[in-house]
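The first residue of the sequence shown is numbered 1, and numbering continues consecutively from there. It should be emphasised that the depicted structure is a prediction, and the values quoted were computed from it without experimental measurement.
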Amino acid sequence: MIECKNYINGAFVEGSGASREVKSPRTGNVIGRFKESTPSDIEQAIASAKKAAPNWARTPAKERASLLFKFRNILLRDLDLISAQISEESGKTLAEAKAGLMKGVEVLEYSLSLQNSDSGGRLQVSRGVFCEYRREALGVVAGITPFNFPAMVPMWMIPIALAVGNAFVWKPSDKVPLTSNLLAKAIEEAGFAPGVFTVLQGGRESVENLLDHPGISAVGFVGSSPIAQSVYARGTSRGKRVLALGGAKNPIILMPDADPEIATRGIADSFTGCAGQRCMAASVLLAVGEVESLIDGVVEKARALRPGKEMGAIISRESLDRLNASISRAVSEGARLLLDGRNPEVSPELKGGYWLGPTILDGVTPGSSAACEEWFGPVISIVRCKNLSEALAFEAASAFGNACSVFTRDGSVAERVASESTAGMIGINVGVPVPREPFSFGGTKISKFGSGDITGDSGTEFWSQLKKITTKWADSPDKNWMS
Ligand code: NAD
């Protein structure tokens, strides 16, 4: 049983609010507890962050990077320990947990590069007159993260926000709070000053308190679309810079000429990986023309994946019940089950967990819930399309815009999808087209509220501001409109 804490002013302290349980999705057993943060806990946390922020911002970028480098080495040293914790509280397989943490480390490594690459700029704009820009921190900033990547999504934000000199306040998902204490321990061991990094446990009320607090200048949010939209609206109405990433319903366009092995493996991995609980998972297969043997290949590969072995669990009983009900409703509306993952066989010690095997629905109608709504589980809905134009029209009509992939061997088809798709991240023969650093991560439409992206160079822009300085020391011989 883990007692999960807040991390405020360099100390692990209990919240003063209601006590909450954390359950393992793999077994249904209670594995930890935490207490919600109250407004006075949040007040205290922001006060210590505000105190620490100016010193941290004045610390040379190279010194900030050297602490981040220590943080990286501790994460790598403790990779197995942290991954086991991620797996236990989120239900992912150990391999998925490790891969997520390593993607977070990749963002951290990108943030280390800022010490050398982001040196500002200075130009003589007219005789004796110089313009200069300096990248500066925003002050105290906050990150609010979802359950499905307990370390990776926070690590999209933490390293870059710290590298550019902000004090960072993290509100982890209340469904997976335990990993946050391991990351805070790593920060503490690396030697960051108290207040530079803060963890506040809690749910909706904590988020609202952070959004309303005048001491927070920017908020990064990742979660479902309705909440992303409300966080964006509330935060910006209080004058904050907000970037809020939302949910997804990602299509894969399957062309008849696709390479069978690459396509069937890519599609099966995309919708079943992390048990379909990732915002880059494919959940709609736009089957163009005659692709029966390819679909058979996807079914065969997905059928071989066993929940509890190659596949992780669904986050909660409520999510599992919702998924099972959604599948039943789609079938009652006329969809055909090519693979039914409901009530799968699992080993006896996992019987109390929340399990759903790979599920494939065929003949899904374009306007239905199975085709349009985010379900967030290992389910893919096949929508039949006569041609590529019909598939692209379906994609364009989606309210979401996170990712869109195509499997084809035709370069002109690939180029058409890349240029006409309305999503923010496109995959060409890649089922989970997550951009690697320094390319930034972010979607369009209701998959993202705010401008810019969350990682890479775009993340650096989000977590910092440019100050412009114009200087003239001596009387300039040049007389122009600036004089
Ligand atoms: P969620 O929206 O329920 O929760 C996200 C965060 O908001 C959590 O920290 C939670 O405590 C908090 N929260 C919950 N209810 C709130 C409310 N009413 N007001 C304010 N804050 C609230 O999301 P989730 O279920 O934890 O995560 C899954 C969702 O996240 C999916 O929709 C998935 O697509 C999305 N996601 C998106 C991306 C992306 O990059 N676009 C990445 C990962 C996950």
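A salt bridge is absent between K5 and E3: the closest approach of a Lys/Arg side-chain nitrogen to an acidic carboxylate oxygen does not fall below 4.0 angstrom. Checked for salt-bridge contact, E461 and R241 miss the test: no charged N lies under 4.0 Å from a carboxylate O.
Geometrically, R122 engages F130 in a cation-pi contact, judged by NZ or CZ lying under 6.0 Å from the ring centre and within 45° of the ring axis. Both tests pass for K92 against the ring of F149: distance under 6.0 Å to the centre and angle within 45° of the axis.
Side-chain contact of D453 with S440: a donor-acceptor pair under 3.5 Å is present, judged by distance alone. For the residue pair K62 / N116, a side-chain donor-acceptor distance below 3.5 Å is found, with atom types taken as modelled. Counting only N and O atoms by type, the side chains of Q201 and S206 include no donor and acceptor under 3.5 Å apart.
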>> Test side-chain hydrogen bond (donor to acceptor under 3.5 Å, both in side chains) on K301 and T264; report intermediate values, then the result.
In response: CA-CA 7 Å; K301 288 208 161 62; T264 55; 3.1 Å; yes

> Between L200 and V169, is a side-chain contact (heavy atoms from CB on, under 4.5 Å) present by the stated rule, with each step listed?
Replying inline: CA-CA 7 Å; L200 283 170; V169 177; 3.7 Å; yes

> Could you walk me through whether S24 and N29 pass the side-chain hydrogen bond (donor to acceptor under 3.5 Å, both in side chains) check?
Replying inline: CA-CA 6 Å; S24 161; N29 295 336; over 6 Å; no

>> Let's go through L108 and L68 carefully: what are the C-alpha distance in whole Å and the side-chain angles of both, what is the deciding distance for side-chain contact (heavy atoms from CB on, under 4.5 Å) to 0.1 Å, and is it a yes or a no?
In response: CA-CA 7 Å; L108 203 168; L68 284 161; 4.2 Å; yes

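The environment of E106 atom CD is dense: over 12 non-hydrogen atoms of other residues, nucleotides or ligands sit within 6.0 angstrom. Surrounding CZ of R204 are at most 12 heavy atoms belonging to other residues, nucleotides or ligands under 6.0 Å away. In K445, the NZ atom is crowded: over 12 heavy atoms of neighbouring residues, nucleotides or ligands sit closer than 6.0 Å.
Relative orientation of the F197 and F168 rings is parallel, given thresholds of 30° and 60° on the angle between their planes.
With hydrogens and angles ignored, the 3.5 Å screen pairs a side-chain donor or acceptor of Y110 with a backbone N or O of D457.
Taking the six-membered ring for Trp and the full ring otherwise, F192 and W56 have centroids separated by under 6.0 Å.
Under the salt bridge (charged side-chain N to carboxylate O under 4.0 Å, His left out) rule, E136 has a single partner from R58, K468, K467, which is K467.
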